[in-house]
There are 2 protein chains.
Amino acid sequence: MARAGVTPERLTLAAADLADEIGFDNVTVSALARGFGVKDASLYSHVKNAQELRTRVAVLALAELADRVAAALAGRAGKDALVAFADAYRDYARQHPGRYAAAQEQLDPETLAASAARRHSEMTRAILRGYRLSEPDQTDAIRLLHSTFHGYVSLEAAGGFRHNPRDADISWSRSLDALDIALRNWPATP
Amino acid sequence: MARAGVTPERLTLAAADLADEIGFDNVTVSALARGFGVKDASLYSHVKNAQELRTRVAVLALAELADRVAAALAGRAGKDALVAFADAYRDYARQHPGRYAAAQEQLDPETLAASAARRHSEMTRAILRGYRLSEPDQTDAIRLLHSTFHGYVSLEAAGGFRHNPRDADISWSRSLDALDIALRNWPATP
DNA sequence: TTCCGTTCCTAGGTGCCCTAGGCTACTACT
DNA sequence: AGTAGTAGCCTAGGGCACCTAGGAACGGAA
């Protein structure tokens with residue numbers, strides 16, 4: 001009997017792929033085991049429990065997303081950077097809905113610190129350099145941007161825009177124009 | 001033996017309350033049955049299955065949220081209306097995290113049509129009357145607003161703002177200021 | 001070759017979802 | 001008031017997922 005060759009890494013990758021196919025919530029240890037031609041109990045030699053598996057997928061997704069955003073951001077500034085960041089973010093979420101959903105998992109502080117989360121916030125801050133905002137406006141703007149990106153992508157994935165024929169790509173582009181305007185005319189600190 | 005007095009309505013309400021306490025994803029038919037002092041199988045006389053229960057909670061939440069927003073919006077216009085809408089939305093999500101999570105459920109078209117979803121989109125459109133946007137800019141702006149509200153609330157609930165001491169209330173308020181500016185300077189149609 | 005650790009197995013316990021079929025308490029009709 | 005009907009609740013049981021414990025086999029190292 002040949003061994004199945006299961007490792008935590010291959011398991012995580014398989015879970016991520018499966019999540020993109022059938023949805024992150026539908027990824028089960030049993031389904032993964034079936035995919036590897038192995039009994040479900042066998043996977044617990046490689047992974048502590050189902051929660052750890054979810055966490056691993058989340059960390060993977062955060063790192064992949066950070067890579068994409070970094071690549072998109074390279075050599076750009078100002079509105080160019082804003083649009084590149086936003087598009088990279090949205091494209092990732094659309095191409096990898098399961099991974100993106102995983103990235104929304106609540107991570108415990110130490111896992112979070114070891115993840116790509118810091119890169120994410122650094123890159124978001126990098127966008128704002130073109131808009132000459134200083135703290136605490138910068139933090140407020142980051143929160144606005146992150147909220148809008150995440151919200152748009154979530155609603156789009158949930159089919160929230162389907163009932164109106166207006167193209168979601170166009171609304172996205174116009175929303176980015178509007179955010180650019182908001183950033184360039186950032187309200188004065190009261 | 002006295003009867004427990006279970007009805008679909010009381011079941012839905014109990015599920016909503018339980019969701020606010022322990023999270024929407026953790027609401028199970030079994031837990032609800034225990035709460036009513038009844039065996040889990042007994043609940044299937046009142047509700048088709050667990051999915052229908054989730055749907056009922058979602059519909060309830062959408063209606064409650066629409067009521068709150070309508071009350072907040074009454075007699076306001078322009079930026080006042082924008083802020084009132086946004087605050088009502090965010091307050092509901094913070095006071096009723098489980099119900100809010102339920103409201104994000106995917107609803108089948110007929111349930112959606114029978115829900116308060118239409119009221120929501122009408123009220124969002126009402127906000128924009130103060131900004132004199134015409135179609136298709138209006139649709140784009142609605143999508144931007146909805147995305148930002150939902151995104152902000154989601155990230156806040158997920159604890160995404162906790163690692164930075166900047167008050168989430170202040171960032172929220174500044175973000176609304178920024179959105180107001182964006183709406184008043186909406187980018188010209190290309 | 002023998003040892004030893006890793007990988008995989010079977011067995012089994014828990015919780016949740018749901019169906020089938022039976023008993024019981026309330027309602028309504030005669 | 002007595003009785004028929006209908007809810008509401010029950011037990012029994014099957015399916016699936018998560019997870020633990022302990023045993024067997026594979027493969028590399030001494």
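For clarity, every value in this text was computed on a predicted model and none was experimentally measured. Below, read A as the first sequence line, B as the second, and so on, with proteins coming before strands; counting in each chain starts at 1.
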*Between B/Ser147 and A/Thr148, do the side chains contain an N or O donor and an N or O acceptor separated by less than 3.5 Å?*
no
*Do you see a donor-acceptor pair shorter than 3.5 Å between the side chains of A/Thr139 and B/Arg166?*
no
*Could you tell me whether A/Ala41 contacts a base, only the sugar-phosphate backbone, or nothing, with contacts defined as non-hydrogen atoms closer than 4.0 Å?*
base
*Answer with base, sugar-phosphate or nothing: what part of the nucleic acid does B/Ser42 contact at a heavy-atom distance below 4.0 Å?*
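Base contact.
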For [X] and [N], give me the distance from atom [atom1] to atom [atom2], rounded to whole Å.
X: A/Leu32; N: C/dC8; atom1: CG; atom2: P; result: 14 Å
X: A/Leu43; N: C/dT10; atom1: CG; atom2: P; result: 14 Å
X: A/Leu11; N: D/dC18; atom1: CG; atom2: P; result: 12 Å
X: A/Asp40; N: C/dA11; atom1: CG; atom2: C1'; result: 12 Å
X: B/Tyr44; N: D/dG13; atom1: OH; atom2: C1'; result: 14 Å
X: B/Gln51; N: C/dC18; atom1: CD; atom2: P; result: 9 Å
X: B/Asn26; N: D/dC18; atom1: CG; atom2: P; result: 15 Å
X: A/Lys39; N: C/dC8; atom1: NZ; atom2: P; result: 13 Å

Determine yes or no for a side-chain-to-main-chain donor-acceptor pair under 3.5 angstrom, with [X] supplying the side chain and [Y] the backbone.
X: A/Tyr152; Y: A/Ala168; result: yes
X: B/Arg54; Y: B/Glu105; result: no
X: A/Asp20; Y: A/Gln95; result: no

Is the phosphate of [N] approached by [X] (side-chain N or O, under 4.0 Å from OP1 or OP2)?
X: A/His46; N: C/dT6; value: no
X: B/Ser30; N: C/dC17; value: yes
X: A/Arg34; N: D/dA17; value: yes

*Looking at the side chain of A/Ser45, which of C/dC8, C/dC17, D/dC18 is the nearest nucleotide?*
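The closest nucleotide is C/dC8.
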